[in-house]
2 protein chains.
Amino acid sequence: MSSQAPRTPPGPRPRFSQDELLDEALTILAIDGPDGLSLRRLASRVGVTARALYCYFDSKDALEAALVERVMPVPPPLDPDRSWHEQLRTYVMRIHDAFVDQPGAARLFAARSARSTAMDHVREYLLTLLVQAGLSHPDAIAALGTLSRYLMGCVVIEAERRANPDPDINRIAVLPSAEFPVLGSFADEYAARNSEESTRYGLDLIVSALRHVAGEATYPDSPIKRGRRS
Amino acid sequence: MSSQAPRTPPGPRPRFSQDELLDEALTILAIDGPDGLSLRRLASRVGVTARALYCYFDSKDALEAALVERVMPVPPPLDPDRSWHEQLRTYVMRIHDAFVDQPGAARLFAARSARSTAMDHVREYLLTLLVQAGLSHPDAIAALGTLSRYLMGCVVIEAERRANPDPDINRIAVLPSAEFPVLGSFADEYAARNSEESTRYGLDLIVSALRHVAGEATYPDSPIKRGRRS
DNA sequence: ACCTGAACACCGTTCAAGT
DNA sequence: ACCTGAACACCGTTCAAGT
């Protein structure tokens, strides 16, 4: 095990790639959650001083930005054999899964996706599909916003749920039924809800509405053309 | 100004109510943002040691939980003269506005609404409206989840946008058009998008779809009964 | 260019002690 | 019950110095 002939130069001068450090950071996130990621802990895990990390990243902020770029799935090429809404659904779920499987990363997604260039590629892909669906420019932009917001909510809520599992077995079942008659009577259904299915339910809901906006089917009272009711 | 006859007992023994401390905490959030709220800063603002705050709240976590309870709007009474979807839209927007106007509070909303009893009241109110709309139990639960996730995403994204205004005048306009042909051509529309309108667009989209699920209008290919497509 | 070590200005939380 | 003061175990970041 302790052979001679070191492949790396000897002495206290290990070198890392940014990617190795990001891997280690993701490991910390997976083990200790979003609050567990600190430069000092990352440094000690790779056997270096906290100061040394500033040779690789300008700041903790820059490291977090790089983490988001790394976790965000790259959009697949457009597939002419699949409908726009099927491709859209698949890709949105892929992003969802990526950030939900990387537990501590959801907070980073929430904090920095607006300025992320990986997220720009996501926007480009989704917009392309929405335009392909036949949506007008304003509709496509608004629909992109709707999908982004819904996706963000799914990721944030599910990540929080995993990081902080039910304090009681079932909070809802224990609520006073006088104050919460409906919620209380739904306690079992509420506890049984499955995250993956719930996420898909809302996504399907939004996509269906968008298909009607796109004119793919009749949609008697679309909210789109009606304007805001006051 | 410096009169005698103090109304509070003299000496270094000021007392606060929890509410006064929460007010002060909200002020700090408004001034310094979510990262600016610390027990030490709150303590110094009210002229006390950080340790003293532990006489009012068990921990910073407990203080944050109390902040969420305080910011969350209380559901209004049911109004038989207004449709379920109008009441639902109005209330969801009220929550949205409450957390977006209280800038640093969005992160707290994201982190703790799952365990918030104020949020339980929100759930009870929304579920009541959804049941009143005629949704089945599973549909009502799923719809509640969809609305919660969408609302969460709206609050998180908008709060982040306010806390961290566009780094450039318009990030999107400056993207390489070879890589971002669609997004680039939408740069103006993208920059002009208005948060309030965008939020309402998606909410109307979801509500419209729910109205069809509820059987209020024909909805040829509802995602609900179809099951998951694979 | 990469790294150490010490320091600075912060955190939340706890202990021991005062009134 | 409420509060102080000191301490503990952390943070991100920076300075000065080494190779």
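Predicted model only: the values in this text are computed from it and were never measured. Proteins get letters first, then strands, A, B, ... in listed order; numbering begins at 1 in each.
- Side-chain atoms of B/Ser116 come within 3.5 Å of backbone atoms of B/Ala118 as a donor-acceptor pair (strictly under, hydrogens ignored).
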Below 3.5 Å is the cut-off: list the nitrogen or oxygen pairs between protein and nucleotides 14-17 of chain C, distance only.
residue, atom, partner, partner atom, Å
C/dC15, N4, B/Arg51, NE, 3.0

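- Take A/His121 and apply the ring pair (Phe, Tyr, Trp, His ring centres under 6.0 Å) test, not counting sequence neighbours, and it matches B/Phe180.
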How is the base pairing of DNA chain D summarised as a dot-bracket string, given the Watson-Crick and G-U wobble criteria with both distances under 3.5 Å, [ ] for crossing and | for another strand?
||.|||||...|||||.||
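- Separating the CD atom of B/Gln18 from the P atom of D/dC2 is a distance of 10 Å, rounded to the nearest angstrom.
- Atom P of nucleotide C/dC11 and atom CG of A/Leu39 are separated by 18 Å, given to the nearest angstrom.
- Projected onto DNA chain D by closest heavy-atom contact, A/Lys60 and B/Cys55 fall at different nucleotides, the more 5' of which corresponds to B/Cys55.
- Phosphate contact (OP1/OP2 of C/dC10, side-chain N/O of B/Arg41, threshold under 4.0 Å): absent.
- C/dC11 atom P lies 12 Å from atom CG of B/Leu53, rounded to whole Å.
- Every residue two or more places apart in sequence or in another chain was checked for a salt bridge (Lys or Arg N to Asp or Glu O under 4.0 Å) with B/Arg193, and none qualifies.
- Once rounded to the nearest 0.5 Å, the distance linking CE of B/Met72 with OG of B/Ser113 reads 6.0 Å.
- In this structure, CZ of A/Phe57 is placed 16 Å from C1' of C/dA1, rounded to the nearest angstrom.
- Every residue meeting the salt bridge (Lys or Arg N to Asp or Glu O under 4.0 Å) condition with B/Asp32, not counting sequence neighbours, appears here in chain and number order: B/Arg41.
- Remark: P of D/dG12 and CG of A/Leu63 are 10 Å apart, rounded to the nearest angstrom.
- In terms of the side chain to side chain donor-acceptor pair (under 3.5 Å) criterion, B/Asp58 has no residue partners (sequence neighbours excluded).
- If you take CG of B/Leu42 and P of C/dT13, they are 13 Å apart, rounded to a whole angstrom.
- Of the two residues near DNA chain C, A/Ala52 and A/Arg40, the one whose nearest nucleotide lies more 5' is A/Ala52.
- Side-chain nitrogen and oxygen atoms of B/Ser38 include at least one within less than 4.0 Å of the OP1 or OP2 phosphate oxygen of C/dC11.
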